[in-house]
Amino acid sequence: MKKNLLFVMPSLSSGGGERSLITLLSQIDYDSYDVDLYLLKHEGLFMELIPKEVNVLPLPEQYHLFMLPMLSSVQRLVFKGKLPLAYNRMMFSLKNRYAQNESIREQYNWRYLARFLEPIAKQYDTAIGFLEKTSTYFCVEKVKADKKIGWIHIDYDKLGMDPNFDKHYFDQLDYIVTVSEECSSILKKRFPEQVHKINVIHNIVSPSMIERMAEKEQDDLFDRRGEEVVILSVGRLHHQKAFELAIEACSKLVDRGYKIQWNIIGDGEERQKLTELIQRQGLTEHFRLLGLKSNPYPYIKQADIYVQTSKFEGKSIAIDEAKILNKPIVITRFSTAKDQINDGVDGLIVDMDGQSIAAGIERLIKDIELRNKMVDELSQVDLGTEDEIHKLYSLIE
């Protein structure tokens, strides 16, 4: 008899966690599992990639009212006589304005958001909150399941969350999954009473799928001009990714006479800030924000060097994808960097400043032998992690 699984996710807009979920769903044995997916937003870059076997659950009517602009939402709720919900909608907006940071904001706003989300009537064998915070809180409070799993995709201590808030929810989970050994160590130190629940399941990446999708575009996607070195970064335009360091590094390389074209795939709240910084640095011919791409793999394949400038990561899917496509890589020395790159062998790990990032890129440009050695190293390594799905099965069973 098939087991019933529920995955909960805020949206499939963009990002590593979202890509990870889509890949995981593509690997599930649907002869053994029926899968429902609960999304708080039925829109986003990866919606079209949801496997046809997955049942996307509808959202309650009152949540659609919540999603309206604040004044419209409150007016309609008052008109319908839902005064407590109108109050909660106002409080949600007020708390959003004054929260200490976005993680704390999401944590403490759950108490207002939760009132708009009805419990799911169906009973599940396993419910999985596939992203930290709201997804996990929803699983704990709104789902009936024999087992409940929370999934942490990041270095917990770098998110700026209140651990005391999460402890209440972690106590009610059967398992806590995270994506790297370093992330596991951080969680165990932060939540020692949860050690027995913490498991590592690496992000699932499929080389065959990535290589197949990378071949879908054969034309030059970067409109190269002469002997330009094409650099690519992938990530949300968010302070975590520190793309201002990428702009600084690009400026230094251009000043040294290198013909550089640096591209970023991604979007987010820092687009305007980064656009203005690019203009102030006079880099509009050298640094481009390409926006979101549902298929980033041809861009990675055609780039000369892949660079990740993050302040922190759990385990970056984009780095794994660049490795699969045999790209020379430069990443900053965030806490989990050594989980992904063997410095000097399959990439370079550099200090978290523009000067060091520029120096790492310059080293790869000038040292062709090192670059070729890295490409050769990556081409000989089995980088597929499809078997990680069996770790999830073992928790479910």
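Computed from a predicted structure; not experimentally measured.
Atom CD of Glu397 has more than 12 neighbouring heavy atoms from other residues, nucleotides or ligands inside a 6.0 Å radius. The neighbour count for Lys122 NZ, taken as heavy atoms of other residues, nucleotides or ligands under 6.0 Å away, is above 12. Few gaps surround CZ on Arg288; more than 12 heavy atoms of other groups in view lie less than 6.0 Å from it. Other residues, nucleotides and ligands contribute over 12 non-hydrogen atoms within 6.0 Å of the NZ atom of Lys147. The environment of Asp29 atom CG is dense: over 12 non-hydrogen atoms of other residues, nucleotides or ligands sit within 6.0 angstrom. Around CD of Glu193, the count of heavy atoms belonging to other residues, nucleotides or ligands within 6.0 Å exceeds 12.
Between the side chain of Asp162 and the main chain of Asn164, a donor-acceptor pair closer than 3.5 Å is present. Counting only distance, with no hydrogens or angles, the side chain of Thr23 and the backbone of Arg19 share a donor-acceptor pair below 3.5 Å. Asn203 places a side-chain N or O within donor-acceptor distance of the main-chain N or O of Lys315, the cut-off being under 3.5 Å. Looking only at distances, no side-chain donor or acceptor of Glu106 sits under 3.5 Å from a matching main-chain atom of Lys133. The backbone N or O of Leu173 lies less than 3.5 Å from a partner atom in the side chain of Lys197, making a donor-acceptor pair. In this structure a side-chain-to-backbone donor-acceptor pair under 3.5 Å is missing from Lys41 to Pro10. No donor-acceptor distance shorter than 3.5 angstrom exists from the side chain of Gln279 to the backbone of Thr284, with no hydrogens or angles considered. Thr385 places a side-chain N or O within 3.5 Å of a backbone atom of Val205 that can act as its donor or acceptor partner. In this structure a side-chain-to-backbone donor-acceptor pair under 3.5 Å is missing from Ser251 to Glu248. A donor-acceptor contact shorter than 3.5 Å links the side chain of Asp304 to the backbone of Val230.
Listed here is the closest heavy atom pair of Val200 and Ser184: CG2-CB, 3.5 Å. Taking all atoms of both residues into account, the shortest heavy-atom contact from Leu117 to Pro60 is CA-CG, 4.4 Å. The shortest heavy-atom contact between Arg236 and Gly268 is CG-CA, 4.4 Å. Looking at every heavy atom in both residues, Val78 comes nearest to Ala86 through CG2-CB, 3.8 Å. Shortest non-hydrogen contact noted between His286 and Ile260 is ND1-O, 2.9 Å. Looking at every heavy atom in both residues, His202 comes nearest to Lys391 through ND1-NZ, 4.1 Å.
Between Ile278 and Leu289, the closest side-chain pair of non-hydrogen atoms falls below 4.5 Å. Between Tyr299 and Asn263 there is no side-chain heavy-atom pair separated by less than 4.5 Å. The shortest side-chain heavy-atom distance between Leu364 and Met374 falls under the 4.5 Å cut-off. Using a 4.5 Å heavy-atom threshold, the side chains of Phe46 and Leu25 count as separate. Side chains of Leu24 and Ile389 form a contact here, defined as non-hydrogen atoms less than 4.5 Å apart. Side-chain atoms of Leu378 and Val381, non-hydrogen and from C-beta on, never get closer than 4.5 Å to each other. Side-chain contact between Val330 and Ile231 is absent, with no heavy-atom pair separated by less than 4.5 Å. With a 4.5 Å cut-off on side-chain heavy atoms, Thr126 and Lys3 do not count as touching.
When the side chains of ILVMFWY residues are joined at heavy-atom separations under 4.5 Å, either directly or via intervening members, Trp110 and Ile154 end up in a single hydrophobic cluster. By the rule that hydrophobic residues join a cluster once side-chain heavy atoms approach within less than 4.5 Å of another member, Ile176 and Ile128 end up as members of separate clusters. If you chain together hydrophobic residues whose side chains sit under 4.5 Å apart, Ile319 and Ile305 fall into the same group. In the hydrophobic clustering of this structure, Leu40 does not group with Leu21; members are Ile, Leu, Val, Met, Phe, Trp, Tyr whose side-chain heavy atoms approach within less than 4.5 Å, directly or through other members. There is a path of hydrophobic side-chain contacts, each under 4.5 Å, that joins Val35 to Phe130.
Checked for salt-bridge contact, Lys80 and Glu61 meet the test: a charged N lies under 4.0 Å from a carboxylate O. At a threshold of 4.0 Å, the pair Lys158-Glu313 does not count as salt-bridged, since none of the basic side-chain nitrogens sits closer than that to a carboxylate oxygen. Checked for salt-bridge contact, Asp171 and Lys167 meet the test: a charged N lies under 4.0 Å from a carboxylate O. Between Arg190 and Asp157 there is a salt bridge, since a side-chain N of the basic residue sits under 4.0 Å from a carboxylate O of the acidic one. Between Lys148 and Asp174, no side-chain nitrogen of the basic residue sits less than 4.0 Å from a carboxylate oxygen of the acidic one, so the salt-bridge criterion is not met. A salt bridge between Glu217 and Lys293 is absent, with no side-chain N of the basic residue lying under 4.0 Å from a carboxylate O of the acidic one. Looking at Glu321 and Lys301, no side-chain N of the basic residue comes within less than 4.0 Å of a carboxylate O on the acidic one, giving no salt bridge. Salt bridge annotation for Lys2-Asp34: present, with a cationic side-chain nitrogen under 4.0 angstrom from a carboxylate oxygen.
When each of Tyr306, Phe287, Phe222, Phe243 is paired with Trp262, the ring-ring contact (aromatic ring centres under 6.0 Å, His included) condition holds for Phe287 and for no other.
With ring centers used as reference points, Tyr169 lies under 6.0 Å from Phe165. Ring pair Phe191/Tyr156: centre-to-centre distance below 6.0 Å.
Side-chain polar atoms of Arg89 and Ser93 form a donor-acceptor pair below 3.5 angstrom. For the residue pair Asp320 and Gln340, a side-chain donor N or O sits within less than 3.5 Å of a side-chain acceptor on the partner. In this model, a donor atom of one side chain and an acceptor atom of the other lie less than 3.5 Å apart for Glu215 and Gln218.
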Test side-chain contact (heavy atoms from CB on, under 4.5 Å) applied to Cys183 and Thr336, step by step: CA-CA 7 Å; Cys183 286; Thr336 58; 4.1 Å; yes
Pair Asp346-Ile329, side-chain contact (heavy atoms from CB on, under 4.5 Å): steps then yes or no: CA-CA 7 Å; Asp346 55 6; Ile329 297 169; over 6 Å; no
Derivation and outcome, side-chain contact (heavy atoms from CB on, under 4.5 Å), residues Leu392 and Ile149: CA-CA 10 Å; Leu392 176 59; Ile149 299 172; 4.3 Å; yes
Audit row: His239, Glu102, side chain to side chain donor-acceptor pair (under 3.5 Å) steps and yes/no: CA-CA 11 Å; His239 75 91; Glu102 67 178 86; 4.7 Å; no
Stepwise ring pair (Phe, Tyr, Trp, His ring centres under 6.0 Å) test for Phe116 and Phe92: CA-CA 11 Å; Phe116 290 84; Phe92 181 91; 8.3 Å; no
Ile396 vs Asp125, side-chain contact (heavy atoms from CB on, under 4.5 Å): CA-CA, chis, key distance, verdict: CA-CA 8 Å; Ile396 292 169; Asp125 294 294; 5.6 Å; no
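Rounding to the nearest 0.5 Å places NE2 of His238 at 12.0 Å from CG of Leu274. Distance OG1/Thr136 to CD/Glu141: 11.5 Å, rounded to 0.5 Å.
Taking the six-membered ring for Trp and thresholds of 30 and 60 degrees, Tyr393 and His390 have ring planes more than 60 degrees apart, a perpendicular arrangement.
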